[in-house]
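Structure, as structure tokens:
Just so we're on the same page: letters track the sequence lines, and every chain starts at 1.
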Amino acid sequence: MTESKPCSTVFDVDEYDLEATLDSGQAFRWERLGEGWEGIVGGRWVRLEARRDGRIGASTVVDAGDWGWLRNYLALDVDPRVIASTFPPDPPLLEAVRACRGLRVLRQEPWECLASFILSSTKQIVQIRQIVGEICRRFGPRVKVPIGHPEAWGFPGARVIAGLEESGLRACRMGFRAKYLLGSARAVVAGPLDLEGLRNLPLGEAREALMELPGVGPKIADCALLFSCGFDQAFPVDVWILRTLRELYFPRRDPGRDRLLDFAGKHFGPYGGHAQQYLFHHARLRAGRVASVRGDGAGSVRDGD
DNA sequence: GTCCAGGTGTTCC
DNA sequence: GGAACACATGGA
């Protein structure tokens, strides 16, 4: 399948912020090492680097083919200006887009994305990363890495998870989420839910189908739909977004959770999910919850107006 | 030690 | 139908 032939390339990109994209809570396995980011995409170990000329360097240790798999994952074909042009002209959203210029929505593999977000409920992002890393280390397939590099594992497939016992998953410190992940894995393996086929359904139907799975409610369904099934309008509402919408859009009165959810789903347009990611990341930046802020960009983060 | 975290399922009224 | 609570674990 994949030959042992190291490959590297450089992608021409326009305003692509690798750090904001890989470290904004949409994917949980990217690690910063030195000047680059390392992760597993499509079963291949990959290293990405933001070059000084604004382009993105990529390298693998196996044959990378035409790199289409990585272009697709990074959504390099998407023009963020076209997306932003569909946004309502709200000051809060404009400010988030300005502050997070170069942030993109990745196109992840559906099972890994769904499973990761099943593990995300009432967990901080740093802990989600720990749990996901642990199930990969214990149950994932080994992937080829550069000589002398620490070992690396891909995300275990639904069939592998489905064959485990709940105790094995609990050993990864995922707590009560173990029964949800196991139940969802077994449902995905047994059918009739076709994860890959969800993208061909209307948003509402795809959402309903995902919510049949144990541990998958509206928030996690929307994350899977947005980050791995091509539903640009899916708008995950979590505690950060709820707080943000209340503060920025309804500072005088709280419209209540249901009205807020309704507003979120309609107000931001056909690329609402992308708007959500800008608002989410901006909120975390402002709260100092993104590591890079503490290092070099403290002066660029305004603390209110 | 307390509070809270990219929620969901169950129970109780 | 909706509010209240349980669920594991660990960082802040």
TODO: Could you check how far CD1 of Ile125(A) sits from C1' of dG10(C), rounded to whole Å?
DONE: 15 Å
Task: Toward the 5' end of DNA chain C, by each residue's nearest nucleotide, Val126(A) or Glu166(A) - done: Glu166(A)
Table please: side-chain donor-acceptor pairs of residues 190-203 of chain A below 3.5 Å, with sequence neighbours left out.
from      : atom 1 : to        : atom 2 : distance (Å)
Asp194(A) : OD1    : Glu196(A) : N      : 3.2
Asp194(A) : OD1    : Gly197(A) : N      : 3.3
Asp194(A) : OD2    : Gly197(A) : N      : 3.3
Arg199(A) : NH2    : Ser228(A) : O      : 3.3

Open item on the list: By the 4.0 Å heavy-atom rule, please label Thr122(A) as base, sugar-phosphate, or nothing.
Closed with: base
- [ ] Please state how far atom CZ in Arg289(A) lies from atom C1' in dG11(C), giving the value in whole angstrom units.
- [x] 9 Å
Open item on the list: Taking dA8(C) as the reference, what is the distance to dT10(B) when you measure between their P atoms (whole Å, please)?
Closed with: 13 Å
Task: dA3(C) and dG6(B), which share atom name P, separated by this distance in whole Å - done: 24 Å
Open item on the list: By the 4.0 Å heavy-atom rule, please label Ser116(A) as base, sugar-phosphate, or nothing.
Closed with: nothing
Open item on the list: Rounding to an integer number of Å, can you tell me how far Ile118(A) CD1 sits from dA8(C) C1'?
Closed with: 17 Å
Open item on the list: Using a strict threshold of under 4.0 Å (side-chain N to carboxylate O), is an ion pair present between Asp17(A) and Arg101(A)?
Closed with: no
Task: Any residue of residues 217-237 of chain A with a heavy atom less than 4.0 Å from an atom of DNA chain B - done: Gly217(A), Pro218(A), Lys219(A), Ile220(A), Phe227(A), Pro236(A)
Open item on the list: Looking at Glu134(A) and Arg138(A), is any side-chain nitrogen of the basic one under 4.0 Å from a carboxylate oxygen of the acidic one?
Closed with: yes
TODO: Could you check how far CZ of Arg173(A) sits from C1' of dG11(C), rounded to whole Å?
DONE: 13 Å
- [ ] May I ask whether Leu242(A) and Phe235(A) are part of the same hydrophobic cluster, defined by side-chain heavy atoms of I, L, V, M, F, W, Y residues being less than 4.5 angstrom apart, directly or through others?
- [x] yes
Open item on the list: Measure CZ/Arg257(A) against C1'/dG1(C) and give the value in whole Å, please.
Closed with: 15 Å
Open item on the list: Is it the case that the side chains of Arg173(A) and Gln127(A) hold a donor-acceptor pair, with the cut-off being a distance below 3.5 Å and no angle test?
Closed with: no
Open item on the list: What is the first contacted nucleotide of DNA chain B and what is the last, in 5' to 3' order, if contact means an atom lying under 4.0 angstrom from a heavy atom of chain A?
Closed with: dA5(B) to dG9(B)
Task: Separation of dA8(C) C1' from Gln130(A) CD (nearest whole Å) - done: 14 Å
Open item on the list: Any carboxylate oxygen within less than 4.0 angstrom of a Lys/Arg side-chain nitrogen, looking at Arg32(A) and Glu19(A)?
Closed with: yes
Open item on the list: Does Gly215(A) reach a base, just sugar-phosphate, or nothing at all? Heavy atoms under 4.0 Å.
Closed with: sugar-phosphate
Task: First of Pro214(A) and Asp238(A) reached from the 5' end of DNA chain B, by closest nucleotide - done: Asp238(A)
Task: Interatomic distance where CZ belongs to Phe176(A) and P belongs to dC5(C) [whole Å] - done: 17 Å
Open item on the list: By the 4.0 Å heavy-atom rule, please label Arg177(A) as base, sugar-phosphate, or nothing.
Closed with: base
Open item on the list: Using the P atom as the point on both nucleotides, what is the distance between dA4(C) and dC4(B), in whole Å?
Closed with: 16 Å
Task: Any donor-acceptor N or O pair under 3.5 Å, side chains Arg177(A), Thr122(A) - done: yes
Open item on the list: Here's a test of your reading of the structure: between Gln26(A) and Met211(A), which maps to the more 5' nucleotide of DNA chain B?
Closed with: Gln26(A)
Open item on the list: Nearest whole Å is fine: how far is dG10(C) P from Gln124(A) CD?
Closed with: 12 Å
- [ ] Could you check Val237(A), Leu261(A), Asp238(A) and say which one makes a side chain to side chain contact (heavy atoms under 4.5 Å, CB included) with Lys219(A)?
- [x] Asp238(A)
- [ ] Using the six-membered ring wherever Trp is involved, compare the ring planes of Phe263(A) and His267(A) and label them parallel, tilted or perpendicular (cut-offs 30° and 60°).
- [x] parallel
Open item on the list: Parallel, tilted or perpendicular: which one describes the rings of Trp67(A) and Trp69(A), with boundaries at 30° and 60°?
Closed with: parallel
